[in-house]
**Student:** 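Okay, here's the structure, questions in a sec.
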There are 2 protein chains.
Amino acid sequence: MAVTIKDVAKLANVAPSTVSRVIANNPRISEKTKLRVREAMKKLGYHPNLIARSLASQSTKVIGLVFPSSDIFFQNPFFSTVIQGLSEGAHEKQYALQMSTGKTEEEIFEGVVHMVQGGRVDGIILLYSRVNDQVLNYLRERHFPFLVVGKPYECAEEITHVDNDNCRASRDAAEYLLGLGHTKIGFIGGSEKLVVTIERLLGYKEALRENGLPILPEYIIHEEFHREGGQDAVKKLLSLDIPPTAFVVTDDIMALGVVNTLVEMDIKLPEQVSVISFNNVLLADMSRPPLTSIDINIFELGYQAARSLIQMLENDNEPVKRIIIPHQLVERLSCERVENKLIAHK
Amino acid sequence: MAVTIKDVAKLANVAPSTVSRVIANNPRISEKTKLRVREAMKKLGYHPNLIARSLASQSTKVIGLVFPSSDIFFQNPFFSTVIQGLSEGAHEKQYALQMSTGKTEEEIFEGVVHMVQGGRVDGIILLYSRVNDQVLNYLRERHFPFLVVGKPYECAEEITHVDNDNCRASRDAAEYLLGLGHTKIGFIGGSEKLVVTIERLLGYKEALRENGLPILPEYIIHEEFHREGGQDAVKKLLSLDIPPTAFVVTDDIMALGVVNTLVEMDIKLPEQVSVISFNNVLLADMSRPPLTSIDINIFELGYQAARSLIQMLENDNEPVKRIIIPHQLVERLSCERVENKLIAHK
DNA sequence: TTGTAAGCGTTATCAT
DNA sequence: ATGATAACGCTTACAA
């Protein structure tokens, strides 16, 4: 059996509670005893049992992570990078990260309940935001500390969240294309259930509207966040009578699908068609041509999420916060000023 | 405060121990009481406190994950996919996954000690294998249950591990190129401290030797597992008096760097130079030309790792195992039969 | 400044 | 088949 607080107490000739106080660095213990106790701890190679500590103190120093059920999320570099940020934010405050596992939505939900009611985590970070989310509703009802990476669909002002200004970012993207003279701009987004898609669509529409351009429903396509999604979308758009000359694509991976498809169709990028996308993951500049993309600072999203949740956990009635991570447009070579070279009508 | 076993006991008119037995589905409890107790649990919305259970039973049902310290690991899709496999394997047996956090090697080591001595995990999975690893040595010394994804550098027969036959895989890769008539084959590998690099280099050498070809030290380059690594390596190799006509690259991402660099140098793929790589991550077929790559079944690596560790945890003296995940060569368009079109000497 | 003792919510060993 | 009761290893009033 491992060495416990009692063993240390015995060796140092003090009570177990004293050892506990030394660990907590309680100021009411004399330096002399502290020294003696610490020596005993070192001698025995003592390390506190975190489970026992959690039980006694009702706090685990563990943060639960909830991912969306879709496989697609894992395939996207967003996942890795946000984890890196979370990891760094958590580590700084000595918190551990635990992942929910499960494939279906239902399994994930049960996993969260297990974590929460089982007392295994002090708080939860949701790494997605969708319409009518069961997990979010559950956490709210139980008043369990949690935070959303992304913008909650409802009651955003009552839920702490870390997000980009996606509406603005999308407006920036569309305005960039408008600035290059494009007037026929298509929008290729992810699932309409995802708040991020909703927001980016909004920004796109705002930009068009403010520039006096019509919003054409046939120019707006929703597909999954993967390459095939981008491929399907661009095919649909290019088969229109008057196809767009530029695309706002809400994810780099989708954009790669778009680019590949265009290349296969022998359409020149950026001479004939411009593409701007989101996330600026590593792949963005591995594409040929490299993608102009809106960098949303994924690492920072994760880092601030971890920090903010820990703040909520450590300070009673920390106010609800909305943390906006800045984005920036990274110009590469996938967009060009529109000349009169239109795509031949089909 | 949450509802406990005592509350359930009171409502069902039994002793707490009986409730505990019902939870464990102990056969010595009558069906009648089981029913009554379960009803009470449902009525109160009871959920066992996992922390208390862990303390009493000295087992957490949590697996600790240890990543290499390098940022590069996270940027590689290997990370996401192996996590998916681990997640599925763990979930099936109701285990949770906890990640070690920390940037430097030292921080990670401390994180592991914290997890282990703190009793927070029942076992550990190392997601890398390198020469002289501090973490591995620590776990061995303490006889703490753990398993390695990859081949341990030393005492591989005493440590359960889940791996590919990397030596064989690399031989397959080299032989494939030899089969296409290449005789000047370069090797671009990762850090020499990583066992995977060592093994793949070995396989490469074996293939050359068995085919009566010389092993040229200047044809062997080690770089980091990222795109720049591939770029640097190929530049070095192409500046040789007699540059290779084909490359075995031990990672897809590096291979992308190789391909991009070749394109920039106006060297035609696969007409002038062939490239074969490892891992077959999604990017492999997004490259132009799409990469011929050895699929090492990353998901399966993770999945089997989780399952095997759980077996070790649940069965006393489970024997040490070596689990080899099969690989297969996926032919795409980055390799071609060598004709007499050599690269012009520099 | 330090010790005593009562929890924290389970499991597990005795009894009965 | 079920009930007391003692762990599990720590924290934290309350005493002294």
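What's counted below: heavy atoms across the whole structure, side chains too, no hydrogens, waters or symmetry copies. Residue numbering restarts at 1 for every chain, and letters A, B, ... go by the order of the sequence lines.
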**Student:** Ignoring the backbone of B/R28, work out which of D/dT11, C/dG9, D/dA1 is nearest its side chain.
**Tutor:** D/dA1

**Student:** Any sub-3.5 Å donor-acceptor pair from A/S54's side-chain atoms to A/L50's backbone N or O?
**Tutor:** yes

**Student:** Picking from C/dT2, C/dG3, C/dT10, which would you name as closest to the side chain of A/A15?
**Tutor:** C/dG3

**Student:** Can you sort out which residues in residues 37-50 of chain A have a heavy atom within less than 4.0 Å of DNA chain C? Ascending by number, please.
**Tutor:** none

**Student:** Just how far, in rounded Å, is P of D/dG9 from CG of A/L55?
**Tutor:** 12 Å

**Student:** Does A/E31 or B/R21 map to a spot on DNA chain C nearer the 5' end, using the closest nucleotide for each?
**Tutor:** A/E31

**Student:** Please identify which of these residues, B/D133, B/V135, B/I159, meets the side-chain contact (heavy atoms from CB on, under 4.5 Å) condition with B/R140.
**Tutor:**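 Result: among B/D133, B/V135, B/I159, B/I159 is the only option passing the side-chain contact (heavy atoms from CB on, under 4.5 Å) with B/R140.
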
**Student:** Testing B/Y128, B/F74, B/F78 for ring-ring contact (aromatic ring centres under 6.0 Å, His included) with B/F67, which one passes?
**Tutor:** B/F74

**Student:** Between D/dT2, C/dT2, D/dC8, which nucleotide has the shortest distance from any of its atoms to the side chain of A/T33?
**Tutor:**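 Within the option list, the nearest is C/dT2.
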
**Student:** Looking across every strand, which nucleic acid part, if any, lies under 4.0 Å from A/S17 by heavy atom: base, sugar-phosphate, or nothing?
**Tutor:**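 Contact class for A/S17: base.
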
**Student:** Considering only NZ, NE, NH1 and NH2 on the basic side and carboxylate oxygens on the acidic side, decide whether A/K103 and B/E88 come within less than 4.0 Å.
**Tutor:**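 Here A/K103 pairs with B/E88 in a salt bridge, since their nearest N and O are under 4.0 Å apart.
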
**Student:** Rounding to a whole Å, what distance do you find between A/I51:CD1 and D/dG9:P?
**Tutor:** 12 Å

